[in-house]
Amino acid sequence: MESSRSRRTGRRHSPLRAAAIALSLATAAALAGCASADTTTPSASKQSAFKPVAQKASSQITVWADSTRLPSVQAYQKAHPDVKMKVVTYDGGADGSTYLQSKVQLFDRTGSGWPDVVFGTPTDVTWASEATKPGAQPFAAPLDEKLVPQSTLDGFAKGSLTPCQFDGHTYCMRNDIAQVVLWYNKSLMDKWGYQVPTTWEEYEALGTKVAKEHPGYLVGSVGDTNSHESYFWSGQCPAFNLTKPDTLRTDLQDPKCTRMAKLLDNLISAKAIATQGFFSQGFAKNSGGKVLMAYGPSWYGQYLFKAGFKTPAKQIAAAAPLTWKGESTAATGNVGGGVWMVSSHSANLKSSSDLVTWLTTSDANQATAPTYPAYAQAAKAWLANPANKDYFANDVSGPFEQAANEVWTGWSNTRFSDSTAWSSVVLPALTAGKSLTETLPAWQQEIANEAKSQGYKVVDQ
C-alpha cells in the first residue's frame, strides 16, 4: 500500500533515532541521529506548489548544522571561498527536539529569518514538507524540482531517501544511514568452534548454546532506547506503519512482531540477551568483554566495540543481516542517520543546493565522515578509508553494502519519536521481569496514544 508521508528512528527516533559510552551521550546521539523509513515509495511525481523567491546569485546563505557536521560545512566553505556563508551551530534536530520546528513556525509568522540550509532528522521532514499554517509555504524545498539532478538522487542507497519523500517529491538529502548488521567476536567464535548464524533461528539456537557452554557471554541486548529498531524493525514488525498520510497502523500482535518477541524472550530467559542496555552505566566495565554477538547498526563497530568496550583490533567482524528460515526477502532495521534540507525561502537556491549535494555525495567529505554515507558512491570511498575498516577482523564492505540496500521501508516516519513508547513502557517492564510478549499490548497502546495526540487515526489491521 502506497504512503505519501515520511516520519524516526529512527531518531524515530532517531539516527536517535546513541554512539559510544566512551563518547558523551550528546555525541552518541549526534552520530546515531534519528531515522526511519516510510512504508513505500512515493506517489508519481507531480508539480508541487513551490514558488521560489526572487533569486540573488551572490547572496549569503545561512547554514544551521550540529557540532558533528560542522567540520564538513567548514571544509566546503574553505574549498568554495566564493560562496558567502554564515554558519550557525545548533542541536541538529536531536531526537525529540522541536527547536527547529518552533523556529520555523516563528519565521513563518514574522515573514523572515529562515536559514537557507539545515541539518536535521527525518522527523523534521514530516512537518517541513508541509505548511506550518494556512497560506505558508512548506519550509523544505522540493529538491527534485530542478535543484538537484535526478541522476544524483538516484545514486542513494535503496530506500534511504524514502524519509525525504512526500507526494512524489524529495524534500531532503540523506547524510548517513545506520543499517543494522550482525556483529560478532570472530576470535571467540573461532576459538569455540561456532558458525556465524545466517537466520534468526540459527541466532536463537547459538544464543541458547552459548548460555549453556559459556555462561555470562551475550549475543545481544534489548535494554537501550533504540534496541527495538535493531530487532523489531529488522523483523518487519508493523509497529509504525503509515497506510495513509494521516493513518498509522500499529499491530504488535502481527505474527512478525510476536515471533520476534518470543525469540528474544527465550534468549532473555536463557541469559544470552541482556535487558541492561549496552550504553547503560557500568555495562562496558562489567560485561563489555563478554559480548559475543550484537545485532545493531553499522556504527557499533567503531563506537560501541572499539570506543566503548575497548575491544582489541582484529577481533570484531560484521555479517549480513539475518533472515527468517524459508523467507527469501531480506530486511533489516536502521538506527540513525540525519538529513540536509534546503529552505524554500532561500534567495540563493543554487548555492544552497550545491552545498547540500557536496555534503551528502562528495567523496572528499564523506570518505572521512564519522558514519556510513547514504550516497552509494560516497559509501565506497568511506569503506576504502583504512580508518573505517582496519580495526575489524573481516572486510565489512560486503555486509555494510548489502544491509544498506535492505533497510525495511515498512517502519514509517511519524511526527513523533518511535523511541518514546519503548523507553517509557517496554524498558521498565523488562527491568521489572516481565516478558516482551506480555508487554506488547501496553507498548501498542502507548504508540497509539502518542499517534492520536499528533493527529493520526490509528488502526491495527
What do you reckon, is NZ of K314 surrounded by more than 12 foreign heavy atoms closer than 6.0 Å? yes

E450 versus I447: any side-chain heavy-atom pair under 4.5 Å? no

Which atom pair, heavy atoms only, marks the closest approach of S346 to D116? OG-OD2, 2.7 Å

When rounded to the nearest 0.5 angstrom, what is the spacing between CG in D254 and SG in C237? 6.5 Å

Without swapping roles, check the side chain of D224 against the backbone of S227 for a donor-acceptor pair under 3.5 Å. no

Got I177 and V407 here, is their nearest side-chain heavy-atom distance under 4.5 Å? no

F139 versus P115: any side-chain heavy-atom pair under 4.5 Å? yes

Specify whether F416 and F240 have parallel, tilted or perpendicular ring planes, treating 30° as the upper limit for parallel and 60° as the lower limit for perpendicular. tilted

I'd like to know if the side chain of E145 and the backbone of F50 have a donor-acceptor N/O pair within less than 3.5 Å. no

If only atom types and distance count, is the side chain of N185 paired as donor or acceptor with the main-chain N or O of S187 below 3.5 Å? yes

Kindly indicate, with the supporting measurements, whether the criterion side-chain contact (heavy atoms from CB on, under 4.5 Å) is fulfilled by F400 and Q179. CA-CA 7 Å; F400 276 22; Q179 68 279 38; 4.0 Å; yes

If the plane angle is over 60° it's perpendicular, under 30° parallel, otherwise tilted; pick one for F309 and F283. tilted

About how many Å separate CD of Q195 and CG of D190, when rounded to the nearest 0.5 Å? 9.0 Å

When you measure from the side chain of Q236 to the backbone of K256, do you find a donor-acceptor pair of N or O atoms at a distance under 3.5 Å? no

Heavy-atom side-chain contact between Y456 and T250 under 4.5 Å: no

Give a yes or no on whether the backbone of A307 and the side-chain of Q302 come within a donor-acceptor separation of less than 3.5 Å. no

Please check: side-chain N/O of W183 versus main-chain N/O of P297, any donor-acceptor pairing under 3.5 Å? yes

pair V339-P163: side-chain heavy atoms closer than 4.5 Å: no

The reported gap from CG in L322 to CD in E204 (rounded to nearest 0.5 angstrom) is 12.0 Å

Side-chain atoms of residues 57-65: list all donor-acceptor pairs with protein atoms under 3.5 Å, sequence neighbours left out, distances to 0.1 Å.
{"unit_1": "S59", "atom_1": "OG", "unit_2": "K56", "atom_2": "O", "d": "2.8"}

Close side-chain approach of V125 to F166, heavy-atom, < 4.5 Å: no

In Å, rounded to the nearest 0.5 Å, how long is the span from CD of Q366 to OG1 of T361? 8.0 Å

Using the test side chain to side chain donor-acceptor pair (under 3.5 Å), find all partners of T420 that sit at least two apart in sequence or belong to another chain. none

For the residue pair Y295 and W200, categorise the inter-ring angle as parallel (less than 30°), tilted (30 to 60°) or perpendicular (more than 60°). perpendicular

Can you list everything that forms a side chain to side chain donor-acceptor pair (under 3.5 Å) with S424? Sequence neighbours excluded, please. none

Kindly compute the distance separating CE (M173) from CH2 (W358), expressed to the nearest 0.5 Å. 13.0 Å

Determine yes or no for a side-chain-to-main-chain donor-acceptor pair under 3.5 angstrom, with T247 supplying the side chain and K244 the backbone. no

How are the rings of Y231 and Y203 set to each other: parallel, tilted or perpendicular (split at 30° and 60°)? tilted

Can you list every side chain to side chain donor-acceptor pair (under 3.5 Å) pair that touches residues 373-392, not counting sequence neighbours? K380-E401

Check: V73 and F119 side chains under 4.5 Å, non-hydrogen atoms: no

Mind listing the closest non-hydrogen atom pair of G333 and S234 along with its distance? N-OG, 2.8 Å

Test side-chain contact (heavy atoms from CB on, under 4.5 Å) on M189 and L206 and set out the steps. CA-CA 11 Å; M189 293 284 280; L206 181 55; 3.8 Å; yes

If you round to the nearest 0.5 Å, how far is CH2 of W340 from CG of L143? 13.0 Å

Compare every heavy atom of V196 with every heavy atom of A319, then report the nearest pair and how far apart it is. CB-CG1, 3.9 Å

Determine whether a donor-acceptor pair (N or O, by modelled atom type, separation under 3.5 Å) exists between the side chain of Q402 and the backbone of G398. no

If you compare all heavy atoms of D176 against all heavy atoms of R174, which two are closest, and at what distance to 0.1 Å? O-NE, 3.1 Å

Is there a donor-acceptor contact under 3.5 Å from the side chain of N365 to the main chain of S72? no

Side-chain touch D124/M341, heavy atoms, less than 4.5 angstrom: yes

Nearest heavy atoms of V458 and A451, plus distance in Å: CG2-CB, 3.7 Å

Return the set of residues passing salt bridge (charged side-chain N to carboxylate O under 4.0 Å, His left out) with D108 (not counting sequence neighbours), or none when no residue passes. none

Testing the basics here: between Y303 and P370, what is the closest heavy-atom pair and its distance to 0.1 Å? OH-O, 3.3 Å

Could you tell me how the ring of Y300 sits relative to the ring of F305: parallel (under 30°), tilted (30 to 60°) or perpendicular (over 60°)? perpendicular

Whether W422 and W443 hold their rings parallel, tilted or perpendicular, with breakpoints at 30° and 60°: perpendicular

Main chain of V335, side chain of W233: is a donor-acceptor contact present, judged purely on distance under 3.5 Å? no

Determine all donor-acceptor pairs shorter than 3.5 Å in which one atom belongs to a side chain in residues 78-89; sequence neighbours excluded.
{"unit_1": "H80", "atom_1": "ND1", "unit_2": "Y76", "atom_2": "O", "d": "3.0"}

Please check if any side-chain donor atom of E406 sits under 3.5 Å from a side-chain acceptor atom of T332, or the reverse. no

